[in-house]
Trainee: 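The structure that follows is given in the form of structure tokens.
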Protein chains: 2
Amino acid sequence: MTLAVRKRIAPPGRRGRPAAVEPEEEGTRERILTVAERLFAERGFNGVSLRTLTAEAGVNLASVGYHFDSKEGLIAAIFDRRCRPMMQERLRLLAACAEGPGRPPMLEQIIEAFVLPAISQTADVAGGGATFTRLRAVLRHENSELARKLIAENFDETSARFVDALHRCLPRLSRDAIHWRFHFLLSALYYTTIDPGRIRHLSGGRCDPADTKVAVRELVRFVAAGFRAD
Amino acid sequence: MTLAVRKRIAPPGRRGRPAAVEPEEEGTRERILTVAERLFAERGFNGVSLRTLTAEAGVNLASVGYHFDSKEGLIAAIFDRRCRPMMQERLRLLAACAEGPGRPPMLEQIIEAFVLPAISQTADVAGGGATFTRLRAVLRHENSELARKLIAENFDETSARFVDALHRCLPRLSRDAIHWRFHFLLSALYYTTIDPGRIRHLSGGRCDPADTKVAVRELVRFVAAGFRAD
DNA sequence: GTCTATACAGTGATAGAC
DNA sequence: GTCTATCACTGTATAGAC
């Protein structure tokens with residue numbers, strides 16, 4: 001057994017270090033969120049009891065109820081913490097889209113505004129983005145109803161905004177066609193972040209989604225052409 | 001506990017029924033494969049012990065070892081049973097691709113040859129195709145190393161054949177570009193079969209991958225245009 | 001060849017002694 | 001807290017019955 005109990009390491013303390021940007025070094029709330037995100041991603045939502053979770057985080061069992069009401073409230077907060085900044089970034093980039101000389105076509109700009117924040121977050125291993133991506137995938141196959149609800153709450157509004165923008169960009173397409181093609185945009189984004197190993201393997205290591213720049217470029221090029229079909 | 005033991009029901013027998021196409025009504029081997037596929041899809045590979053599995057199937061514990069050597073051998077046989085006919089169908093359709101008046105362009109034919117058998121199998125709920133699709137997804141997130149191995153063994157060769165065919169079809173593209181676009185083809189196919197609910201939800205129910213004909217048509221149109229980009 | 005009963009060695013979890 | 005005996009359960013191996 002490699003468990004080794006992992007005694008709660010004393011927090012780094014404030015010795016000589018200037019005040020960080022964050023309001024506090026690592027509060028109970030943030031600590032729970034970070035540990036829960038990792039554990040849920042590793043063992044699934046039902047695979048982690050609140051007892052093991054709070055023990056691992058070095059906090060009291062009851063603090064989950066205090067900060068998040070329930071276990072579902074906890075995972076909802078995890079989603080919120082990751083999705084809110086990503087959605088804001090998507091909408092910021094969407095608002096910045098504009099036609100102009102020397103700029104890519106509007107369609108390419110919109111697609112990039114949608115995928116760039118997601119791919120950047122997943123690529124941010126240190127910041128926990130990769131963990132959250134994995135958590136979403138694990139949850140989807142473990143508790144699809146809860147996953148469906150959380151994804152709807154966090155992604156529906158932004159997705160609708162992009163569907164509208166894409167339809168304004170390609171007005172000759174039917175609403176259904178736009179939806180189908182948006183679905184294939186989601187496909188490319190999802191599969192690229194969730195299973196980068198398959199293309200790496202098939203290409204003998206030559207194509208690697210870990211190279212964010214190349215991945216975004218290839219994805220935008222392919223999907224934009226798909227949207228322009230017929 | 002709802003186990004209920006399910007005493008091995010006496011096989012239906014051949015009473016008055018003409019000899020079926022299959023060699024036997026339902027042998028131990030087939031029974032194990034079918035039950036295991038369903039249980040693994042529901043509870044994961046590690047979530048099902050050989051004891052509960054054999055009890056559910058109404059067979060002896062040791063018969064798994066006899067027929068499949070090990071638990072890994074069992075899941076390998078499950079993959080083989082589902083993948084072999086699908087791969088044969090893919091290669092048969094690929095061989096049938098040809099240019100000609102009144103036929104779709106070669107590129108569209110190749111893409112359809114790749115996706116049609118997969119989507120048909122997933123749509124075949126009664127035949128267990130949907131269960132196998134779910135099993136693959138669950139396994140991928142539970143035991144990625146085993147999943148990677150099984151997917152490589154069962155899909156690598158056929159995929160390479162299609163990559164070659166696609167490159168012959170679009171010789172001006174680099175090998176890397178072909179691989180990236182094949183990756184997006186896999187994305188569209190994977191996401192369409194694994195999460196048909198998302199587009200159904202976003203489109204207010206108007207777009208539904210359960211309509212196989214429409215799904216294949218939209219997928220082929222989008223992906224073919226993507227392959228022709230630039 | 002097919003199937004069965006049973007034995008075996010390894011696992012994580014747990015409860016009680018210290 | 002820390003060690004240890006025990007337990008329930010796992011996948012696998014084998015000897016023998018049809």
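Below, read A as the first sequence line, B as the second, and so on, with proteins coming before strands; counting in each chain starts at 1. Quick note: numbers below take in every heavy atom, side chains included, and nothing from hydrogens, waters or symmetry partners.
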Trainee: Is a donor from one side chain sitting under 3.5 angstrom from an acceptor on the other, for A/H67 and A/T28?
Mentor: no
Trainee: B/L146 has an atom CG; how far is it from atom P of D/dG11, in whole Å?
Mentor: 13 Å
Trainee: Decide side chain to side chain donor-acceptor pair (under 3.5 Å) for A/R206 and B/H179; before the verdict, give the C-alpha distance in whole Å, the side-chain angles of both, and the deciding distance to 0.1 Å.
Mentor: CA-CA 9 Å; A/R206 293 185 48 84; B/H179 275 126; over 6 Å; no
Trainee: Run the ring-ring contact (aromatic ring centres under 6.0 Å, His included) test against B/F68 and tell me which residues pass, sequence neighbours left out.
Mentor: none
Trainee: Nearest-Å distance, CG (B/L50) to P (D/dA8)?
Mentor: 21 Å
Trainee: CG of B/D69 versus P of D/dT14: gap in Å, rounded?
Mentor: 12 Å
Trainee: Using a strict heavy-atom distance below 4.0 Å, which residues from residues 60-67 of chain B are in contact with DNA chain D?
Mentor: B/L61, B/A62
Trainee: For B/R31 and C/dT2, what is the distance between atoms CZ and C1' respectively, to the nearest whole Å?
Mentor: 15 Å
Trainee: What is the separation between atom CZ on B/F68 and atom P on C/dT2, rounded to the nearest whole Å?
Mentor: 12 Å
Trainee: Does one side chain, of B/T133 or B/T193, offer a donor that lies under 3.5 Å from an acceptor on the other?
Mentor: no
Trainee: Below 4.0 angstrom, N of the basic side chain to O of the carboxylate: do B/D211 and B/R217 qualify?
Mentor: no
Trainee: In whole Å, what is the span from the CG atom of B/N46 to the P atom of C/dT11?
Mentor: 15 Å
Trainee: From CD of B/E72 over to C1' of D/dA13, roughly how many Å is that when rounded to an integer?
Mentor: 17 Å
Trainee: Atom CZ of A/R51 to atom P of C/dT14: distance rounded to whole Å?
Mentor: 11 Å
Trainee: So, do B/F184 and A/Y191 have ring centers that fall under 6.0 Å from each other?
Mentor: no
Trainee: Below 4.0 angstrom from OP1 or OP2 of D/dT10, is there any side-chain N or O of B/S49?
Mentor: yes
